[in-house]
Each structure stands twice: as C-alpha cells, then as structure tokens.
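One structure below.
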Amino acid sequence: MHLQSITFLLKPHLHTWSGISFLSFICLISMILYLMMSKTKGVTYWPILGVLPCLVQNAHRIHDYCVDISNTHGLTKLAKGPFLDILYTCDPRNLEYITKTNFPNYPKGQEYNKTFEIFGDGLFNTDFDLWHGQRKLAGKAFASNNYSRMVSSLSKKVVEDELVPLLSKFVENSSTVDLEGIFMNCTFDVAFFSIFGRNPKCLSRHSPEHEFAKAMDDASEAIFFRHVTPHLLWRLCRWLKIGKEKKHHNAWETIDKYMAHYIALKKEELLQGGQERSDLLSSYIYFQKEKQEFTSGGDKFLRDSALALLFAARDTTGASLSWFFYSVLSNPAVEEKILDEMKNAKKSNSENDITTKKPWIFNSEDVKGLVYLHATCCETFRLYPTLPLNRKEALHEDVLPDGTMVRPKMMIITSTFAMARMKSLWGNDCLEFKPERWLTEDGQLSNEPMDKFYTFSAGPRMCPGKDFAFTLLKSVATSLLFNFQFELVKGHKVYPKPSLVLQMKNGLLVQVKRRVS
Ligand code: HEM
C-alpha cells in the first residue's frame with residue numbers, strides 16, 4: 001500500500017493518533033527516567049508528576065529513602081509534585097527556628113488534621129487556640145508529682161507482676177520469643193493504666209489480643225498509607241470504604257465504642273468518690289469541671305484527649321524498647337557496662353538482699369543514678385527515633401536560617417532517622433551504637449549532643465511524654481537484663497517497617513535464659 005493511501009486512511013484518526021503519540025512519548029521519557037531513577041538515590045523529577053513517582057516507588061523503604069535524600073542532597077531539599085510542595089530539612093538551625101523561634105508560623109496544618117482525623121481535637125492533632133488549651137491541661141497533668149510517681153510505680157508493677165513472670169515461663173519452655181510483641185503489649189498496659197486507671201492486661205499470655213489495641217494498629221496502618229498516597233486517591237477510597245480505608249473506618253467504630261465505655265466507667269467511679277485518682281482521664285475530668293473554657297465538648301473532649309495520649313505513648317515507647325534490646329544485644333561491651341553499673345547499684349542499695357533467689361526488680365530510685373544506662377537510652381532514641389518523620393505546614397512566607405525560601409502552605413518534613421545517620425551532624429561514627437557520645441570524659445552526662453537531638457522534637461510542642469518513655473525504658477531494661485540473658489536468633493533480620501512509628505518489620509526474635517551471675 002502507498003504511503004499516501006495509508007495517510008489518507010489514517011487522516012480521520014489523526015487527532016487520536018497525535019494524542020496517542022504524545023502519550024507514548026511521555027511514557028517513553030518516563031520509562032527512561034524511571035530506569036535512571038532506579039540508580040539514583042535522591043529526589044528525581046518526572047515530567048508532570050514531579051516527585052510523586054519517587055515517593056510511591058520508595059514508600060516501602062521510606063526511612064532509608066530519607067537517608068538517601070540526605071546523603072545525596074545534603075541537609076535541605078525542595079520537592080514538588082502535583083498538589084505537593086515539600087521542603088525536606090534536617091538542618092538543626094532550621095529545626096530550632098521552626099520549633100521555637102518562629103513557632104507560630106509552623107502549625108501542623110489542615111492537611112495533617114484531616115489525615116489524623118480519627119484523633120479529633122486531641123493534643124497532637126490541633127493548632128492555635130485549641131492546641132494551646134489542650135497543651136495547658138496536659139502540661140498541668142504531666143507536671144504533677146502524683147503523675148510521675150504513678151508512672152514509676154505502674155512501670156514497676158507491670159514489670160514485676162506480668163513481664164518478668166511471662167519471661168520466666170519462656171525460660172522454662174526454652175521457646176523463641178518475639179520481644180517486640182511483648183513490649184508492645186507491655187507499653188499498652190502501662191500507658192492504658194496511666195490514662196484510664198485500670199490495667200487491660202494485654203501482656204498476660206492467656207488474654208486474647210485486645211480488640212482495642214488491634215483497632216489502634218489498623219488505624220495507624222491506614223494513616224501511614226494516607227501519607228504515601230495522593231490525597232485525592234485516599235479520599236476516594238475513604239468515600240468508597242475500600243482497602244486500608246475500610247480498615248480505618250472499622251477501627252474508628254471500635255475505638256469509639258471502647259472510649260465511650262471507659263469514659264462512662266471512669267465517671268461512675270469518680271461519682272462514687274473514694275481515694276484520689278492520679279490517672280490522666282480523672283485529671284482531665286476534674287479540670288473539665290473547674291475550667292470550662294478549654295474543655296467544651298463534654299465526652300468528645302475526653303475521648304479525643306485520652307485517645308491522643310494513648311496513641312502517642314504506646315507504640316513509640318514499645319518500639320524504643322525493642323530497639324534498645326536489639327542494640328544492646330548486638331553490642332556485648334555495652335551490655336557488660338550496664339550490668340556492672342546495675343550490680344554496683346544493687347550492692348549499695350540492698351546489701352542484705354544480695355543472695356535472694358527471686359528475680360530482682362529495680363525501683364525508680366535505684367535506677368536514677370545509672371548514668372551509663374541513661375546514655376544507652378539516649379543513644380537508642382538517637383539512632384532509632386520512634387517517631388522518625390515530623391511534619392509541619394508553613395502559614396506565611398518566610399526565610400529559614402539556611403536561606404531557604406518558604407511559601408505559604410508548604411509542607412515541611414524532617415526525618416530524625418536520617419539526621420542520626422548524617423556524618424555532618426554526628427561524625428564519622430554516626431552509624432555506630434555508641435552510648436559514650438552522651439558522656440563526658442569523666443563519665444558524666446554531656447549536654448552537647450542535645451543541639452541536634454530532635455527525637456522528642458523541641459519548643460512548645462516538644463513531647464510531654466519524654467520522662468514517661470525514659471522511666472519505662474529503664475524499668476524494663478534493668479529488670480530484664482539483670483534477671484535474664486538474651487540471645488538474638490541467628491539469621492533473623494531486623495529492619496524498620498514502613499510505618500508512622502519505627503517498628504521492626506519481622507519483630508525481634510530472641511532466645512531467653514535465666515541469668516546466672
Ligand atoms: C520513645 C517514645 C516517644 C517518642 C520518640 C516521642 C516523640 C514525640 C515527638 C517527636 C513529638 C512531636 C510530634 C510533632 O510535633 O508532630 C511528640 C509529641 C507528643 N508526644 Fe511523644 N514521644 C514518645 C513518647 C510519648 C509518651 C510516652 C507520651 C505520653 C505519655 C507522649 C505524648 C505526646 C503528646 C501528647 C504529643 C503531642 C504534643 C503536642 O503536640 O503539643 N509521647 N512525641
């Protein structure tokens with residue numbers, strides 16, 4: 001057939017063909033870029049789609065991807081895509097400015113509030129006046145002596161009555177144990193107890209998985225996917241109630257059911273009077289009665305406040321415990337130093353009890369002087385920050401200390417996981433687990449690393465649960481390391497799972513024996 005006749009036959013379809021050719025051209029370019037990008041570790045721009053394909057391609061390894069971005073582009077990088085205007089920064093000067101100096105210009109933002117909508121007006125999901133009122137209440141409750149005493153005694157109680165007996169059973173059966181699962185249940189029990197004043201006993205081996213805890217896991221998983229899925233897509237799935245959004249919807253119903261139940265129980269208990277309660281829900285109910293101005297909304301206010309605290313406390317601290325044990329067991333010299341420090345503390349505090357056959361449980365006073373243990377906790381929080389991504393939204397145009405221009409509505413992302421792995425911040429040995437970096441030459445705690453330590457954020461929105469996290473970590477660490485000997489299961493690979501909280505993908509499998517000293 002002649003070329004003209006082919007052209008003639010095709011003429012009516014020319015617009016279709018030019019459309020198809022254009023699309024093919026875009027696909028071809030995109031494929032070439034994709035292949036190039038597969039070898040590139042940082043941020044690559046696609047035609048039309050901007051950085052979106054990079055985000056989608058790396059969602060399954062989001063924390064390592066942040067490390068790649070920092071290693072490729074340095075401390076700060078701008079990224080654009082359809083409906084995306086992101087500033088990625090790990091520069092401590094910028095973080096100091098965002099979290100403290102010009103704090104009012106960097107709220108969480110409406111998009112964040114929408115993504116975390118299940119938390120309603122809970123502390124970490126609000127901005128401006130609503131946040132201010134919530135934070136004032138939380139500040140009072142957290143700062144009270146009653147609260148810190150309660151956290152210490154609850155941690156000791158759960159460790160002594162549940163955790164240590166549970167591990168003793170594993171010793172008898174010589175079975176392999178997933179420490180991460182145990183730690184998640186342990187922190188659920190302690191956090192729940194501190195908020196609602198009752199123990200859900202998740203840790204107890206015979207109780208089935210708590211439906212409430214499972215609903216929290218499902219909601220958390222869905223929220224993570226909202227972070228790595230284009231807004232329009234997850235909103236469509238939410239509307240259709242499909243995929244992760246269906247899980248989110250069901251989890252929301254379950255959570256609401258439990259929250260209503262526990263709030264009603266607590267109110268009934270308070271009405272009946274009796275001894276003073278130090279749990280957070282009781283303090284919130286008392287405050288609610290006293291100061292109506294911050295607490296309009298009745299049970300919804302209580303539901304949102306208590307739920308936010310439970311979420312903020314539970315997985316973060318549970319995961320930190322897992323990374324602590326993983327790091328200590330992988331570094332026998334560190335374990336030896338902690339053991340020596342504990343033995344000295346035990347000798348000086350309880351000479352006459354030294355020969356007891358019962359598992360030894362340290363109390364919060366004994367643990368206070370353990371400087372090397374404190375440095376090991378700090379190093380765990382540095383290398384494995386369990387809230388590894390922090391997000392803010394700019395309100396007005398601004399210029400950051402490093403000279404970067406910020407546009408209104410720009411999303412500002414920080415990866416504390418990547419920060420810990422930057423030589424320019426933590427030195428050539430940044431990848432090593434080294435508690436000594438938190439100590440001075442004469443073995444005292446050093447403040448110097450605090451300038452670049454953002455694991456608990458900083459400024460007015462700094463984590464109010466930092467002391468809780470340290471207390472529980474030390475309580476569990478001392479009692480388990482002193483009484484048991486753990487060995488990582490050979491060949492079991494430990495790495496972070498793609499989630500909001502830095503948990504382990506395959507758990508933490510160990511063999512456990514009773515320690516003979
Ligand atoms: C290792 C454990 C923990 C880590 C790494 C951690 C980290 C953080 C970080 C980075 C923030 C700031 C988040 C942001 O601005 O977006 C935060 C906020 C918060 N944390 Fe923690 N946290 C931990 C444990 C806890 C515990 C045990 C509690 C409660 C008992 C708690 C309660 C909160 C609350 C309520 C907020 C919101 C504060 C606000 O927005 O004003 N956290 N946490």
Side-chain angles (χ1 to χ4, degrees), residues 34 37-46 49-90 95 108-109 111-112 115-116 124 180 217-231 233-234 237 243-245 247-248 311 315-316 318-320 322-323 326 381-393 410-422 430-431 454-455 457 493-507:
Y34 178 83
M37 195 183 71
S38 307
K39 288 179 198 150
T40 319
K41 291 208 146 184
V43 172
T44 309
Y45 284 94
W46 283 50
L49 298 174
V51 295
L52 195 62
C54 288
L55 294 182
V56 173
Q57 193 198 16
N58 287 288
H60 68 286
R61 54 181 294 276
I62 192 75
H63 306 303
D64 285 333
Y65 181 52
C66 289
V67 178
D68 291 347
I69 297 176
S70 299
N71 286 337
T72 316
H73 304 286
L75 289 169
T76 301
K77 173 75 188 159
L78 288 159
K80 268 184 140 329
F83 312 108
L84 280 178
D85 190 12
I86 303 176
L87 174 68
Y88 171 83
T89 183
C90 291
L95 297 185
K108 296 269 174 111
E111 200 47 55
Y112 184 100
T115 311
F116 288 84
F124 67 75
E180 191 185 48
D217 291 342
D218 288 349
S220 201
E221 196 185 325
I223 294 170
F224 173 73
F225 275 90
R226 286 183 178 187
H227 278 78
V228 290
T229 313
H231 309 166
L233 187 58
W234 75 251
C237 295
K244 303 275 177 213
E245 289 300 321
K247 264 190 170 181
H248 186 268
F311 255 86
D315 290 357
T316 48
S320 296
S322 310
W323 291 112
Y326 170 68
F381 291 137
R382 178 193 77 87
L383 202 50
Y384 300 105
T386 45
L387 267 192
L389 291 168
N390 207 318
R391 171 175 159 183
K392 301 272 188 259
E393 189 180 291
M410 198 176 218
M411 191 196 290
I412 315 230
I413 303 276
T414 302
S415 163
T416 39
F417 183 83
M419 282 176 87
R421 285 154 182 78
M422 293 185 78
C430 60
L431 297 179
Y454 277 85
T455 292
S457 191
K493 289 221 165 21
V494 169
Y495 50 95
K497 99 176 174 196
S499 50
L500 292 175
V501 173
L502 195 75
Q503 285 170 262
M504 292 174 173
K505 182 137 194 232
N506 305 312

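Basis for what follows: all heavy atoms, side chains included, without hydrogens, waters or symmetry-related copies.
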Is a side-chain donor or acceptor of [X] paired with a backbone partner of [Y] at a separation under 3.5 angstrom?
X	Y	answer
T414	T89	yes
R382	A420	yes
Y88	C66	yes
T455	F381	yes
K247	A222	no
H63	S499	yes

Looking only at non-hydrogen atoms, find the nearest pair between [X] and [Y] and report the distance.
X	Y	result
N506	K493	ND2-O, 3.6 Å
F224	A59	CZ-O, 4.0 Å
F116	F124	CD2-CE1, 4.0 Å

Looking at [atom1] of [X] and [atom2] of [Y], how far apart are the two atoms once the value is rounded to the nearest 0.5 Å?
X	Y	atom1	atom2	value
K505	R61	NZ	CZ	12.5 Å
I62	L502	CD1	CG	12.5 Å
C54	I69	SG	CD1	8.0 Å
D315	Q503	CG	CD	4.5 Å
W234	K244	CH2	NZ	15.5 Å

I'd like to check [X] versus [Y] (side-chain heavy atoms, cut-off strictly below 4.5 Å). Are they in contact?
X	Y	answer
L55	V228	no
L75	M422	yes
N71	R421	no
N390	L95	no
Y326	E180	no
I86	K77	no
F417	L389	no
L387	T416	no

Criterion side chain to side chain contact (heavy atoms under 4.5 Å, CB included) against M411, the qualifying member of E393, R391, K392: R391

Plane angle bin for Y384 and W323 - parallel if under 30°, tilted between 30 and 60°, otherwise perpendicular: parallel

